[in-house]
Chemist: 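Please find one structure pasted underneath; my questions will follow.
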Amino acid sequence: MSNDAKIALRGVYKQFGKKVVLDGIDLEVPRGKSLVVIGGSGTGKSVMIKCVLGLIRPERGEILIDGQDAMKFSASEREETLRKFGMLFQGSALFDSLKVWENVAFGLIQGRRMDRDQAKQIALDKLGQVGLGPEVGELSPSELSGGMQKRVALARAIAAEPEIIFFDEPTTGLDPIMADVINNLIKSCVQKLGATTLSITHDMASARKIADYIAMIYKGKIIWHGAAAEVDHSGNDYVDQFIHGRADGPIKMEVLKP
Amino acid sequence: MNPLAVIGRIFLDFLVSVGRVSVFTFNGVRHVFAPPIYLRLTGRQMMVIGYYSLPVVGLTALFTGMVLALQIYLGSSRFNAENAVAWIVVLGITRELGPVLGGLMVAGRVASAMAAEIGTMRVTEQIDALTTLSTNPFKYLVAPRMIAGVVTLPVLILVADIIGVMGGYLVGTHKLGFNAGTYLKNTFDFLETLDVVSGLVKASVFGFIIALMGCYHGFHSKGGAQGVGRATTDAVVSASIMILIANYFVTELFFSGQ
Ligand SMILES: Nc1ncnc2c1ncn2[C@@H]1O[C@H](COP(=O)(O)OP(=O)(O)O)[C@@H](O)[C@H]1O
Ligand SMILES: [Mg+2]
């Protein structure tokens, strides 16, 4: 699958101060497929995604987007490349000074200089796709529940019909039913767009539902990857411990360390 | 601990901060001069800085002018130089107290609000979200605030100057027994354009400092609510100190020109 990788990370290394967060990540996201990265909290999943988006600069390594080295991009090339991306942030990251529909239309109005009325139509249409009526569009994000905020954030991520979509813990903090609603929305939106997606989660139900491929990150490295169906017989103790959620196993929670 | 090491550490930290602020300033100013400029956002910031600060700054100026008249009267009556009251009040207000006290009040009100707003956007990933929606955060958040600070503060301080002089006039005519016509004549006979202009230039510089410190500390806040609180305090303290330092140097600049 190597020459048809939409995104490829090679030996990506990042440390904050003395703390090594990414210790040589190798990962490929095949074009048009959905890769889910699983791993415990604080293992550097969000940092990894932010490296690909150029929000964090890794110390070493290569990040290829459509075969081009993202680390060597000029500011304008980076901006151009970012137009291919949609991103659903862990905490939704809705702009609380703007109305819901303005949030969804933001990338169209500010990023693509689209006319406001036209952008609003598209925004309301996208809100409809995630099951929110036009009256929600006039509210402020702070008036919405966590699940609704996630849906708005999803609508914002897909509004510009990106080629690549990143989902950072799309179901964390939601009840199981709402989580499943979000999973279904992700699946249907992605199918409609034919997008390549990279998702991060520690919710196995969500991973099984949306993944074509699964990879597991541990201590800054990818320790296993394979097709989604193989995850149950990976033969990898770390993966087994994680998907069954056992306290005992090779992964030790560093409870006592500060 | 070795005291020399501590001093060295503090000095190095200081240099690092100076470097960071310089780069931040450069980036902000670059986006002020590179189109597109977000006029609507700039307008909103002008309202926040100018219009909503007017009551606070106006009251400050009014009572400063009043107390100035009282004190100068007390001082000058010892030399039978009571006629100096009017023009010392007007000089004191336009050259120093209007811009400096007004600037400090706005620093307390506005730099803190900017740092809190931008800091919250930082810790909730809204600034990252801006970038992924093809919008440069410097252009969207920093440039409008810088423009608004530089343009609005002189206008605000001009109004404050007028209110301050009026405060002196009220005390002079009602309490100290000056004739209204003489007081006004004494005020305007000695006033030179440069007195007012130098004060307004100061105000403009202070407006820049306030916007810069509010944005800088907001951008660099981390660690949740506590981090935002710290950023708010740091913004006010550093803006206030920089205003006082800049005040001396701008004064010297105008002083040596005479
Ligand atoms: N900007 C940053 N500065 C310093 N440390 C960071 C920063 N971002 C993340 N980290 C650290 O990197 C580690 C991984 O964080 P993250 O990628 O958010 O974890 P997760 O896998 O839960 O998404 C954490 O220990 C976190 O403290
Ligand atoms: Mg995370």
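Just so you know, these numbers use all the heavy atoms, side chains as well, and skip hydrogens, waters and symmetry mates. Each chain gets a letter, A, B and so on, in the order its sequence line appears, and its residues count up from 1.
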Chemist: Look at atom CZ of B:Arg20 and say whether more than 12 heavy atoms of other residues, nucleotides or ligands are closer to it than 6.0 Å.
Modeler: no
Chemist: Of the backbone (N, CA, C, O) and the side chain (C-beta and beyond), which part of A:Arg113 lies under 4.5 Å from a heavy atom of chain B, both, or neither?
Modeler: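 For A:Arg113, side-chain heavy atoms alone lie under 4.5 Å from chain B.
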Chemist: A:Ser92 versus B:Glu125: any side-chain heavy-atom pair under 4.5 Å?
Modeler: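 SC-SC contact between A:Ser92 and B:Glu125 ruled out.
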Chemist: Less than 4.5 Å to any heavy atom of chain B: does that hold for the side chain of A:Leu94, its backbone, both, or neither?
Modeler: backbone
Chemist: Holding to salt bridge (charged side-chain N to carboxylate O under 4.0 Å, His left out), I want the full list of residues that pass it with A:Asp66, two or more places apart in sequence or in another chain.
Modeler: A:Lys6, A:Arg31, A:Lys84
Chemist: Using heavy atoms and a sub-4.5 Å threshold, report which of residues 45-60 of chain A line up against chain B, by residue number.
Modeler: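 Residues in range: A:Lys50, A:Leu53, A:Leu55.
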Chemist: May I ask you to check whether over 12 heavy atoms, not counting those of A:Phe16, lie within 6.0 Å of atom CZ?
Modeler: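 Yes, enclosed.
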Chemist: Test B:Gln126 against A:Phe89 for side-chain contact (heavy atoms from CB on, under 4.5 Å), laying out the working first.
Modeler: CA-CA 9 Å; B:Gln126 289 179 50; A:Phe89 284 88; over 6 Å; no
Chemist: If you draw a 6.0 Å radius around CZ in B:Arg230, do more than 12 non-hydrogen atoms from other residues or ligands fall strictly inside?
Modeler: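 No, CZ of B:Arg230 has 12 or fewer neighbouring heavy atoms, counting only those of other groups under 6.0 Å.
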Chemist: With a 4.5 Å cut-off on side-chain heavy atoms, are A:Gln110 and B:Tyr38 touching?
Modeler: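 Yes, at least one pair of side-chain atoms sits under 4.5 Å.
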Chemist: Using non-hydrogen atoms only, which part of A:Phe95 is less than 4.5 Å away from chain B: side chain, backbone, both, or neither?
Modeler: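 Both parts, backbone and side chain.
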Chemist: Is the CD atom of B:Gln226 crowded by more than 12 outside heavy atoms at less than 6.0 Å?
Modeler: no
Chemist: If you count heavy atoms of other groups shown closer than 6.0 angstrom to CZ of A:Arg83, is the number above 12?
Modeler: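 Buried by this count: over 12 neighbours within 6.0 Å.
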Chemist: So which part of A:Glu80 gets closer than 4.5 Å to some heavy atom of chain B, the side chain, the backbone, both or neither?
Modeler: neither
Chemist: If the contact rule is any heavy atom under 4.5 Å from chain A, which residues of residues 127-156 of chain B qualify, in numerical order?
Modeler: B:Asp128, B:Ala129, B:Leu130, B:Thr131, B:Thr132, B:Leu133, B:Ser134, B:Thr135, B:Tyr140
Chemist: For A:Thr171, enumerate each residue passing the side-chain hydrogen bond (donor to acceptor under 3.5 Å, both in side chains) test, keeping only those at least two apart in sequence or located in another chain.
Modeler: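 Applying side-chain hydrogen bond (donor to acceptor under 3.5 Å, both in side chains) to A:Thr171 gives A:Asp203.
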Chemist: Answer yes or no: are there more than 12 heavy-atom neighbours, outside B:Arg9 itself, under 6.0 Å from its atom CZ?
Modeler: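 Check fails, neighbour count at 12 or below.
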Chemist: Could you tell me whether B:Phe24 atom CZ has more than 12 heavy atoms of other residues or ligands within 6.0 Å of it?
Modeler: yes
